[in-house]
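FYI, the numbering just counts along the sequence from 1.
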Amino acid sequence: MPEKLIKRSVLALWLFPKVEQLLPISSAEEQLANELPTKRAQQFRVSRGYLRDAMADLWQIDALTVPIYAPPGQPPLLEKGWGHISMSHCQDAFLVGWSHKKIGIDIERTDRKIKNTQLINRYFSKSEQRSILHLQDEEINRFVLRHWITKEACIKWQRSSIAKDFSNWDWGKDSDTAKHKLDKHHLRIHHLTHHKWNMAIAYSIKERMQGPMLCVSSN
C-alpha cells in the first residue's frame with residue numbers, strides 16, 4: 001500500500017495562502033462543480049484542486065491520479081491504504097492535513113473578530129462562559145477564536161457538525177487534549193500559528209505522532 005512508504009508517525013500540513021489560482025481537478029469533480037451555484041462551485045474547484053496538489057506533493061505523483069473521494073458538503077476521503085485527510089479554509093488561506101490515522105484540522109486568521117454574545121451563549125458551556133466574564137474585549141476574542149478552531153478540528157475528526165457536537169467537546173484553555181462528554185472520545189490537540197493564521201489539529205490520543213510538519217506553498 002502507498003502509505004507504507006511514509007513513517008506512521010508523520011503528521012503533515014500544507015498551507016496555501018491566497019488561493020486564487022484554479023488547479024486541476026478530475027472530470028468527475030468538474031461535473032459536480034457544474035451542478036453547484038456559482039459561488040459554491042468556485043469554492044469546490046479551489047478546495048479540490050489544492051487538496052489534490054498537496055497529495056501529489058506527498059506522493060510525488062500526478063494530482064489527477066490521487067484517489068480522492070470528496071463530494072460537495074462531505075468530508076474528503078482517500079482510497080483505503082492512502083491514509084487520512086482533512087481540510088479547512090478561511091478568508092485568505094486553505095489548509096490540508098494528512099496522516100496515517102484519522103485527523104481533523106481547522107484554520108482561522110488571528111485577527112478575525114468572532115466575539116458575539118449570541119454565538120457564545122449558544123455554543124459555549126457554562127464553565128466556558130464563566131471563563132470569559134473577567135476578560136477584556138481582545139482577550140475574549142482570542143479565547144473564543146482558539147476554542148472555536150480547537151472544537152472545529154475535533155468535530156472534523158469526529159465527522160460530525162457544529163450544531164450537533166460543539167458543546168459536547170471539553171477543552172481547557174492551553175490544554176493539549178480534548179474530550180467528548182457523551183462518546184468519551186479523547187483527542188490530542190496541537191496548535192500552530194504561522195504569520196496571520198491560527199491552526200488546530202486533532203487526532204486520537206492513542207496515536208503516537210510527531211509534531212505537525214508545515215509546508216507553506218508559494219502557489
Side-chain angles (χ1 to χ4, degrees), residues 11 13 15 40 43 47 72-77 84-97 99 101-212 214:
L11 176 53
L13 299 172
L15 175 63
R40 284 199 64 201
Q43 292 173 341
S47 63
Q74 296 185 31
L77 297 173
H84 297 260
I85 49 177
S86 184
M87 61 184 183
S88 179
H89 64 86
C90 62
Q91 176 185 336
D92 58 353
F94 184 71
L95 182 68
V96 175
S99 176
K101 298 295 184 178
K102 189 168 64 169
I103 59 171
I105 64 174
D106 198 53
I107 184 172
E108 278 295 351
R109 286 177 58 97
T110 56
D111 59 357
R112 181 180 176 186
K113 304 299 181 183
I114 59 174
K115 179 196 167 188
N116 181 292
T117 302
Q118 185 177 5
L119 179 149
I120 292 171
N121 290 339
R122 179 178 179 184
Y123 290 113
F124 284 73
S125 69
K126 295 300 181 183
S127 62
E128 289 168 339
Q129 292 178 37
R130 287 194 295 271
S131 299
I132 295 173
L133 288 177
H134 303 295
L135 300 179
Q136 301 299 314
D137 285 353
E138 285 301 317
E139 293 174 318
I140 292 174
N141 196 77
R142 286 195 295 271
F143 179 97
V144 173
L145 179 62
R146 195 166 177 84
H147 275 70
W148 192 271
I149 64 172
T150 300
K151 293 193 179 189
E152 272 262 44
C154 293
I155 288 166
K156 288 181 179 180
W157 176 91
Q158 189 185 9
R159 304 293 195 262
S160 185
S161 67
I162 291 173
K164 181 180 178 182
D165 274 300
F166 190 93
S167 61
N168 286 326
W169 281 100
D170 271 336
W171 175 72
K173 184 177 181 293
D174 298 325
S175 173
D176 64 353
T177 66
K179 292 183 178 180
H180 194 278
K181 297 176 185 176
L182 304 179
D183 297 335
K184 307 304 180 184
H185 298 308
H186 195 185
L187 303 184
R188 181 77 61 193
I189 305 297
H190 281 283
H191 289 100
L192 293 176
T193 299
H194 181 77
H195 293 310
K196 55 187 175 181
W197 299 287
N198 282 334
M199 292 161 273
I201 305 97
Y203 59 88
S204 174
I205 198 167
K206 297 176 182 178
E207 307 300 338
R208 294 185 178 182
M209 302 278 193
Q210 297 175 350
L214 180 65

message = For a 4.5 angstrom cut-off between non-hydrogen side-chain atoms, does D92 reach W197?
response = yes

Sorted by chain and residue number, the side-chain contact (heavy atoms from CB on, under 4.5 Å) partners of S47 (sequence neighbours excluded) come out as M87, F94

Taken in chain and number order and not counting sequence neighbours, the residues that satisfy side-chain hydrogen bond (donor to acceptor under 3.5 Å, both in side chains) with H194 are none

Applying side-chain hydrogen bond (donor to acceptor under 3.5 Å, both in side chains) to S161 and not counting sequence neighbours gives none

Contacts of P212 meeting side-chain contact (heavy atoms from CB on, under 4.5 Å) (sequence neighbours excluded), chain-then-number -> L11, L13, H190, L192, I201

One should read off an interatomic distance between I149 CD1 and I107 CD1, to the nearest 0.5 angstrom, of 8.5 Å

Problem set entry | Test item: N141 side-chain N/O and R112 main-chain N/O as donor-acceptor pair under 3.5 Å | yes

Taking every heavy atom of C154 against every heavy atom of I189, the minimum-distance pair comes out as SG-CD1, 3.7 Å

I132 meets the side-chain contact (heavy atoms from CB on, under 4.5 Å) criterion, sequence neighbours left out, with I120, I140, F143, V144

Sequence neighbours excluded, the answer for side-chain contact (heavy atoms from CB on, under 4.5 Å) partners of E138 is K113, R142

Between Y123 and F166 the two heavy atoms that sit nearest each other are O-CD2, 3.2 Å

Does the pair S204 and K102 meet the rule for a side-chain hydrogen bond (donor to acceptor under 3.5 Å, both in side chains), with working shown?
CA-CA 8 Å; S204 174; K102 189 168 64 169; over 6 Å; no

So, the side chain of K179 versus the backbone of D170: is there a donor-acceptor pair under 3.5 Å, distance only? no

Sorted by chain and residue number, the salt bridge (charged side-chain N to carboxylate O under 4.0 Å, His left out) partners of R40 (sequence neighbours excluded) come out as none

**Prompt:** With a 4.0 Å cut-off, would you call D111 and K196 a salt bridge?
**Reply:** no

Those residues at least two apart in sequence (or on a different chain) that pass salt bridge (charged side-chain N to carboxylate O under 4.0 Å, His left out) with E128 are K151

Residues pairing under salt bridge (Lys or Arg N to Asp or Glu O under 4.0 Å) where one sits in residues 200-209, two or more places apart or in two chains, turn out to be none

Taking distance alone, no hydrogens or angles, what donor-acceptor pairs closer than 3.5 Å link side-chain atoms of residues 180-187 to residues at least two apart or in another chain?
{"from": "H180", "atom 1": "ND1", "to": "L182", "atom 2": "N", "distance (Å)": "3.2"}
{"from": "H180", "atom 1": "ND1", "to": "D183", "atom 2": "N", "distance (Å)": "2.9"}
{"from": "H180", "atom 1": "NE2", "to": "Q158", "atom 2": "NE2", "distance (Å)": "3.4"}
{"from": "H180", "atom 1": "NE2", "to": "D165", "atom 2": "OD1", "distance (Å)": "2.6"}
{"from": "K181", "atom 1": "NZ", "to": "S167", "atom 2": "O", "distance (Å)": "3.1"}
{"from": "K184", "atom 1": "NZ", "to": "K181", "atom 2": "O", "distance (Å)": "3.4"}

| said: If you count heavy atoms of other groups shown closer than 6.0 angstrom to CD of Q74, is the number above 12? | reply: yes

- prompt: Does atom CZ of R122 have more than 12 heavy-atom neighbours, drawn from other residues, nucleotides or ligands, at distances under 6.0 Å?
  reply: no

Between the OG atom in S86 and the OH atom in Y203, the distance rounded to the nearest 0.5 Å is 14.5 Å

Apply side chain to side chain contact (heavy atoms under 4.5 Å, CB included) to T193 and T110, showing your working. CA-CA 8 Å; T193 299; T110 56; 4.2 Å; yes

Stepwise side-chain hydrogen bond (donor to acceptor under 3.5 Å, both in side chains) test for D106 and S88:
CA-CA 5 Å; D106 198 53; S88 179; 2.9 Å; yes

When rounded to the nearest 0.5 Å, the distance separating CG of N198 from CD of E108 is 9.0 Å

For K101, the salt bridge (charged side-chain N to carboxylate O under 4.0 Å, His left out) test, sequence neighbours excluded, returns none

**Asked** Are any of the side-chain heavy atoms of S99 and H84 separated by less than 4.5 Å?
**Response** no

Rounding to 0.5 Å, atoms OG (S160) and CH2 (W169) come to a distance of 9.5 Å

Look only at the side chain of S131 and the backbone of S127, and say whether a donor-acceptor pair between them is shorter than 3.5 Å.
yes

Sorted by chain and number, sequence neighbours left out, side-chain hydrogen bond (donor to acceptor under 3.5 Å, both in side chains) with T150 holds for H191

Evaluate the side-chain proximity of L95 to C90: yes if any heavy-atom separation is below 4.5 Å, no if none is.
-> no

Of all heavy-atom pairs linking R159 and L77, the shortest is NH2-CD2, 4.2 Å

*Donor-acceptor contact below 3.5 Å, side chain N168 vs main chain K164*: yes

Value for CG (D176) from CH2 (W171), rounded to nearest 0.5 Å, stands at 10.0 Å

